[in-house]
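I have placed the structure first, in the form of structure tokens, so that the comments after it can refer back to it.
Positions are given from 1, in the same order as the sequence printed here. The figures that follow rest on heavy atoms only: side chains count, while hydrogens, waters and symmetry mates do not. Atoms within a ligand are numbered from 1 in the order they appear, just like the ligands themselves.
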Amino acid sequence: MRIEAKDKDSASSEALLKRSAPQAKRSLTKRGIMREIDVKLITEKVRDLCMEANTDLGEDVLQAFDQSMKDEESPLGVEILKELKKNARIAREEKVAICQDTGFAVVFIDLGQDVHLIGGDLKEAIFEGVRRGYQDGYLRKSICHPFTRANTGDNTPAIIHTEIVPGEKVRITVAPKGGGSENMSRVVMLTPSDGVEGIKRFVIERVRESGSNPCPPTIIGIGIGGTFEQAALLAKKSLLRPLGSKNLDPELEKLESEILTEINKLGIGPQGLGGRTTSLAVHILMMPCHIASFPLAVNIQCHAHRHKEVVI
Ligand code: SF4
């Protein structure tokens with residue numbers, strides 16, 4: 001048996017082990033030092049993130065409201081944007097939900113491949129975090145059986161997207177998703193000949209048809225390429241990018257800007273009562289697709305653009 005790290009540098013290995021927190025420590029394994037994380041810590045973090053995300057709107061969203069107020073031509077639109085900002089301030093200060101619809105708990109886990117999870121089942125640990133977060137934070141439980149509509153009672157199950165990444169850290173992102181905006185989202189399999197113009201047509205028409213239903217001003221997440229289900233996931237993930245940040249792909253950045261400009265000519269405005277601020281941003285993620293396909297997903301996000309993350 002070979003214990004590389006211990007043999008090489010036993011003093012530093014011991015120091016590392018001593019410094020470790022009780023629920024996240026390093027242990028010596030056959031392959032050297034491996035970081036162990038007890039899933040109880042993940043439960044605690046998910047609980048806190050559920051409460052934080054539902055009560056504390058990100059600074060990037062507040063800044064986008066401010067910018068929109070400067071650009072908005074409709075006096076009623078400006079008043080609504082002011083009210084949205086006031087609502088967010090009250091929610092933050094009084095630790096109450098930004099919106100009565102506290103959403104489906106969508107949880108993204110970036111799991112470092114050098115992490116060894118101990119103490120139980122990761123999925124169950126996340127569900128328990130959601131249960132506690134929605135209970136302790138007095139957040140509405142919105143999840144039900146599709147046929148009977150019977151409420152599950154604790155806002156579980158959560159939707160969990162796990163990605164294995166290099167390293168020994170775990171990034172947890174909780175993004176509660178409201179029903180009104182999710183209902184307006186769509187996946188379509190375009191044909192390759194539809195091209196970029198086909199994307200623009202579909203997205204703009206989707207926003208026009210959605211009208212006031214997704215509680216504008218919205219953020220439009222677009223996923224292009226992959227497969228049917230991957231396009232939807234890309235669209236959802238694109239919403240996690242901070243508002244005001246640029247797309248790293250210049251072609252997509254241009255497309256985002258062109259689509260946003262067209263959307264804001266639709267006149268839907270804040271809460272659908274008219275104005276130019278229909279959407280605050282358009283975000284695109286793209287990946288290669290099959291030669292016969294051209295998948296496109298549009299995930300519409302409302303002004304309650306909630307997500308919080310932690311790295312452990
Ligand atoms: S769409 Fe968003 S803002 Fe509208 S009710 Fe649902 S969560 Fe609230």
Next on the checklist: Heavy atoms only, cut-off 4.0 Å: how does Glu182 contact ligand 1, side chain, backbone, both, or neither?
Outcome noted: neither
Checklist entry - Between atom 4 (Fe) of ligand 1 and Cys215, is there an N, O or S atom separated by less than 2.8 Å? => result yes
Checklist entry - Should Thr55 and Arg306 count as side-chain neighbours, where that means a heavy-atom distance under 4.5 Å? => result no
Item to check | Under 4.0 Å to a heavy atom of His303 - the qualifying atoms of ligand 1, by number | outcome: 3 (S)
Checklist entry - Does Gln100 come within less than 4.0 angstrom of ligand 1, counting non-hydrogen atoms of the residue? => result yes
Checklist outcome for this item: Looking only at protein heavy atoms, what sits closest to atom 6 (Fe) of ligand 1 is Asp101 OD2, 3.4 Å
Next on the checklist: Distance under 4.0 Å to a non-hydrogen atom of Gly178: what atoms of ligand 1 satisfy this?
Outcome noted: 7 (S)
Checklist entry - In ligand 1, which numbered atoms sit nearer than 4.0 Å to a non-hydrogen atom of Cys99? => result 3 (S), 5 (S), 7 (S), 8 (Fe)
Item to check | Side-chain heavy atoms of Pro176 within contact of Tyr134, under 4.5 Å | outcome: yes
Checklist entry - So, His305 versus His307, ring centres under 6.0 angstrom or not? => result yes
Item to check | Interatomic distance, Arg186 atom CZ to Arg206 atom CZ [nearest 0.5 angstrom] | outcome: 4.0 Å
Next on the checklist: Looking only at protein heavy atoms, which one is nearest to atom 1 (S) of ligand 1, and what is the separation?
Outcome noted: Ser181 N, 3.5 Å
Checklist entry - Is there an N/O/S atom in Cys302 at a distance below 2.8 Å from atom 2 (Fe) of ligand 1? => result yes
Checklist entry - Mind checking whether Arg306 has a heavy atom under 4.0 Å from ligand 1? => result yes
Checklist entry - Any donor and acceptor pair, going by atom type alone, linking the side chain of Asp121 with main-chain N or O of Glu124 inside 3.5 Å? => result yes
Next on the checklist: A side-chain contact here means heavy atoms from C-beta on lying under 4.5 Å apart; do Phe108 and Lys237 qualify?
Outcome noted: yes
Next on the checklist: Quick check for you: to the nearest 0.5 Å, what is the distance between Leu84 atom CG and Met69 atom CE?
Outcome noted: 8.0 Å
